[in-house]
Amino acid sequence: MFSQQQQQTQQQKISTMQPSKISRSERLRQLTSELDEACVSEYHPLLRLVDKYNQLVSEDVVLWHQIQGRLVRSENDWSFIDQQGNQYCLTTESMNGIPIEELTTAYYYSARQRRDTKSIILIRQLNVPVVNECDSVKQVHELVEPMMAENYQVLIISWWGETVKNATQKLTRLGIKVVWLDPSDVNNDKIVHEMNKTQYDFQLIVLRGAHHEIVSAAHRLRRMGRRIKVANNPGVSAMVIFVQEALQNVKDEA
């Protein structure tokens, strides 16, 4: 039989061995902070977690999305440049079985990109020749001449970083100042405090990734007459359209 002191010592050892209790959000934060391209292959069981999540919710988690771009070559190294100007080094895995001797800089390519790691995999060569880069830049600037001269300010709350960055670039060229807050990096109190500021002409809240407190604050402010839209999961074009339409209404009512 164990003495009382021995039992207490044993209980202390068991308590010491037990991991400290942390919240689910903290576990997810730790996981995403550790995950990178160097160790992504070790995390293949996460695909089962995604399948399980998709079974429990009405909308699927999309790990891949399709992008387009062109190839550039520097000596023996090949890179893929997407339509936003982001550059990715091509590896054997990302070439997806396409022989290196068949790669060309003369045509655009389609590719799949992982939303978490940002790694890409080529799909196929498109039957679209690459136009002169200078002409492309000229066309872009002609299409996005500033149309908002009133120095409008917009607040976007979203965890889709790449999407917001691309939308912000387009909105900035239109003369619109964008403030972006990521719920995975900024706590709810700070976000709600920012939402309550009256300096913003329009606020766009992306529902996927937004916490309950943020969505509740959005609906409360909208009932008070503030221009706020809660959208499910808009892409770059949708974000730009939402902002343009809201600010056009501001302009018409002025």
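In what follows, every heavy atom counts, from backbone to side chain, and hydrogens, waters and symmetry copies are set aside. Keep in mind the model is a prediction, meaning the values are calculated, not measured.
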Is there a chain of hydrophobic side chains (I, L, V, M, F, W, Y, each step under 4.5 Å between heavy atoms) that links [X] to [Y]?
{"X": "Ile191", "Y": "Leu204", "answer": "no"}
{"X": "Ile156", "Y": "Val250", "answer": "yes"}
{"X": "Ile205", "Y": "Trp159", "answer": "no"}
{"X": "Phe202", "Y": "Leu181", "answer": "no"}

[X] side, atom [atom1]; [Y] side, atom [atom2] - distance, nearest 0.5 Å:
{"X": "Gln113", "Y": "Ile121", "atom1": "CD", "atom2": "CD1", "result": "11.0 Å"}
{"X": "Arg29", "Y": "Ser23", "atom1": "CZ", "atom2": "OG", "result": "9.5 Å"}
{"X": "His219", "Y": "Met224", "atom1": "NE2", "atom2": "CE", "result": "15.0 Å"}
{"X": "His211", "Y": "Ser216", "atom1": "NE2", "atom2": "OG", "result": "12.5 Å"}
{"X": "Lys177", "Y": "Leu155", "atom1": "NZ", "atom2": "CG", "result": "11.5 Å"}
{"X": "Leu207", "Y": "Lys229", "atom1": "CG", "atom2": "NZ", "result": "11.5 Å"}

Is there a side-chain contact between [X] and [Y] (heavy atoms, below 4.5 Å)?
{"X": "Ile67", "Y": "Ser110", "result": "no"}
{"X": "Trp78", "Y": "Ile100", "result": "yes"}
{"X": "Val179", "Y": "Tyr200", "result": "yes"}
{"X": "Val154", "Y": "Asp201", "result": "no"}
{"X": "Leu171", "Y": "Val240", "result": "yes"}
{"X": "Leu174", "Y": "Lys170", "result": "no"}
{"X": "Val178", "Y": "Gln169", "result": "no"}
{"X": "Cys89", "Y": "Asp77", "result": "no"}

Closest non-hydrogen atom pair between [X] and [Y], with its separation:
{"X": "Thr163", "Y": "Gly235", "result": "CG2-C, 3.8 Å"}
{"X": "Ala111", "Y": "Phe80", "result": "CB-CZ, 4.0 Å"}
{"X": "Met239", "Y": "Val164", "result": "CE-CG2, 3.9 Å"}
{"X": "Gln199", "Y": "Glu194", "result": "NE2-OE2, 4.4 Å"}
{"X": "Ile157", "Y": "Pro183", "result": "CG2-CG, 3.8 Å"}
{"X": "Val192", "Y": "Ile214", "result": "CG2-CA, 4.5 Å"}

Within the 3.5 Å criterion, strictly below it, is a donor on Asn127 or Tyr108 matched to an acceptor on the partner's side chain? no
Answer with yes or no whether the side chains of Gln30 and Glu26 bring together a donor and an acceptor at under 3.5 Å. yes
Backbone of [Y] reached by a side-chain donor or acceptor of [X] within 3.5 Å:
{"X": "Arg226", "Y": "Met195", "value": "yes"}
{"X": "Ser94", "Y": "Leu90", "value": "no"}
{"X": "Asn96", "Y": "Leu122", "value": "yes"}
{"X": "Tyr109", "Y": "Thr104", "value": "yes"}

Could you walk me through whether Val130 and Leu71 pass the side chain to side chain contact (heavy atoms under 4.5 Å, CB included) check? CA-CA 9 Å; Val130 174; Leu71 301 183; over 6 Å; no
Applying side chain to side chain contact (heavy atoms under 4.5 Å, CB included) to Tyr107 and Leu126, what does each step give before you reach the verdict? CA-CA 6 Å; Tyr107 287 86; Leu126 302 174; over 6 Å; no
Are there more than 12 heavy atoms of other residues, nucleotides or ligands under 6.0 Å from atom CD of Glu93? no
Counting only heavy atoms from other residues, nucleotides and ligands, does the tally under 6.0 Å from CD of Glu101 exceed 12? yes
Worked verdict on Asn196 versus Arg220 for side chain to side chain contact (heavy atoms under 4.5 Å, CB included): CA-CA 10 Å; Asn196 280 289; Arg220 173 177 55 81; 3.5 Å; yes
Please test Gln87 against Ser79 for side chain to side chain donor-acceptor pair (under 3.5 Å), starting from the C-alpha separation and ending with a verdict. CA-CA 7 Å; Gln87 186 166 335; Ser79 298; 3.3 Å; yes
Taking transitive links into account, so neighbours of neighbours count too, which hydrophobic residues share a cluster with Ile81 at under 4.5 Å side-chain distance? Val72
